[in-house]
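Step one of this worksheet: look at the structure below.
If you read the sequence from its start, that first residue is 1, and numbering goes on from there. All ligand and atom numbering here is 1-based and tracks the order in the structure. Side chains are part of it too, since the values below use all heavy atoms of this structure and drop only hydrogens, waters and symmetry mates.
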Amino acid sequence: MVYQSFLIKYAEIGTKGKNRYLFEDALIKQIKNALKKVEGSFIASKESGRIYVQALSEYDYDEVIDALKKVFGIAWICPMLQLEDKDYENLKKVVVDYIDQVYPDKHFTFKVDSRRADKNYPVRSEQMNCDFGEVILNAFPETSVDVHHPDVLVHVEIRKVVNIYSLMIPGPGGMPVGTNGKATLLLSGGIDSPVAGYMIAKRGVKIDAVYFHAPPYTSDRAKQKVVDLAKLVARYSGPIPLHVVNFTDIQLYIYEQCPHEELTIIMRRYMMKIAEEIAKKSDSLALITGESIGQVASQTVQSLAATNEVCTMPVFRPLIGFDKQEIIDISEKIGTFETSIQPFEDCCTIFVAKHPVTKPNLNIIHKSETKLEEKIDEMVRTALETEEVIWCD
Ligand code: ATP
Ligand code: MG
């Protein structure tokens, strides 16, 4: 079966009332962006409150479905047969032919759902349901009708053209990227943060990312892994500018001046501070991390509170209540897992103490941080001034 077009069904956008058109337009824009990477020529358009994708040239079906499955805001992708010839007798033949091609195994129950948007069409929809049902039953006696729970629901719509579809391929859901502002993701090379970025982008949020690099303690290969992960997330979120911040001097300074068991917490506080500065400059309104309660010493509730204290922006932690296995399941689904588990050093683990504090006391942390006063502001400024931005698409 060669489909010339796809009906795109959206979910939550439907509840947006007067603003709905803004969400529809954003969805069309994201669909166009996604299809730019697919060979062939397509148009995505809105017509009578519905979104269609039309192929204007030959294309690879799997590639198109794969691209559309990554566009947030799409609930269902319905490949459609479209024909201009509305002749009723011919239509019956086309419906039978459609069923024959799409369902090689005819052991299924079905129901026909006809719609007559073109009210001038001479046959009423109830009549069409009966007639199309009858021709299908006659052509394929193995099938049967089930009007309550059919295996196959055959849609026949008489509009400007005739649309026939029955397949519904699930999209990723969520909201179109660009409908909900921008947030800055703290992206490490681990399993969690790419998933966190995916989840927030899924709610329509544009993503910027920050990676803290600590050469020579972390290698170029470790940095490349983060770039690769940003590119994988960008398949869903659209292009991500990745800010690479050189964190080595700050890390070494904290290591020299502060108690080693507090190192991770103090380091994470500076990561958040710097990320927030970068976020402000790029009009981001929030930070995103891959933290989850209790996963490691720096993610106990006390540690999270200590890290959070330095932030004035909201910090989104979409994985906060997830178990590791639940996070892994999502990372496998979105295709970041294999890259995340490549064994490259992480700047957090290099200086990690044997017994990091798990219940940091903020007064003690504040006191330790006074030991950084001499140089830290200058170091933070340098880190911000020397950031490298890599576009990941
Ligand atoms: P991940 O799997 O995302 O690396 P993790 O389990 O290793 O997380 P931590 O190392 O404690 O946990 O980091 C917690 C969060 O802090 C990460 O999810 C990420 O958002 C951020 N983070 C950690 N290291 C870096 C880094 N080098 N650059 C940017 N963000 C980082
Ligand atoms: Mg990590």
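Annotation for ligand 1: atoms under 4.0 Å from non-hydrogen atoms of Thr289 are 20 (O). Ligand 1 places these atoms under 4.0 Å from at least one heavy atom of Gly190: 1 (P), 2 (O), 4 (O). Atoms of ligand 1 found under 4.0 Å from any heavy atom of Ile191 (numbered from 1 in listed order, with element): 2 (O). Residue Gly290 has at least one heavy-atom neighbour below 4.0 Å for each of these atoms of ligand 1: 17 (C), 18 (O), 20 (O). The atoms of ligand 1 that sit less than 4.0 Å from any heavy atom of Ser298 are 11 (O). Close approach of ligand 1 to Val210 is summarised as follows: ligand atoms under 4.0 Å from at least one heavy atom of the residue are 29 (C).
When heavy-atom distances to ligand 1 are checked against a 4.0 Å cut-off, Ser193 comes that close through both its backbone and its side chain. When non-hydrogen atoms are compared, ligand 1 lies under 4.0 Å from the side chain of Met271 (C-beta onward) but not from its backbone. For Leu187, every heavy-atom contact with ligand 1 shorter than 4.0 Å involves the backbone, none the side chain. Contacts between Val296 and ligand 1, counted as non-hydrogen atom pairs separated by less than 4.0 Å, involve the side chain only.
Distance CD1/Ile200 to CG/Leu185: 9.5 Å, rounded to 0.5 Å. Distance check: Glu374 CD to Met379 CE gives 9.5 Å after rounding to the nearest 0.5 Å.
Residues Val156 and Asn163 form no side-chain contact, since every pair of their non-hydrogen atoms from C-beta on lies 4.5 Å or further apart. Proximity of Phe316 to Leu287: side-chain heavy atoms (C-beta onward) are nowhere separated by under 4.5 Å. In this structure, the side chains of Asp131 and Lys92 come closer than 4.5 Å at one or more pairs of heavy atoms.
The N/O atoms of Gly189, backbone and side chain alike, include none that comes under 3.5 Å of an N/O atom in ligand 1. Taking distance alone, with nitrogen or oxygen atoms compared against 3.5 Å, Leu186 approaches ligand 1 more closely than that limit. In terms of N/O distances under 3.5 Å, ligand 1 is not approached by Tyr211.
A distance-only check finds a donor-acceptor pair linking the side chain of Ser303 to the backbone of Ala297 [under 3.5 Å].
When the heavy atoms of Arg268, Gln251, Lys223 are ranked by distance to atom 16 (O) of ligand 1, first place goes to Arg268.
Note: Tyr165 and His155 have parallel aromatic rings, judged against thresholds of 30 and 60 degrees for the angle between ring planes. Ring pair Tyr103/Phe108 is tilted by interplanar angle, where 30° to 60° counts as tilted.
Shortest non-hydrogen contact noted between Glu276 and Met313 is OE1-N, 3.0 Å.
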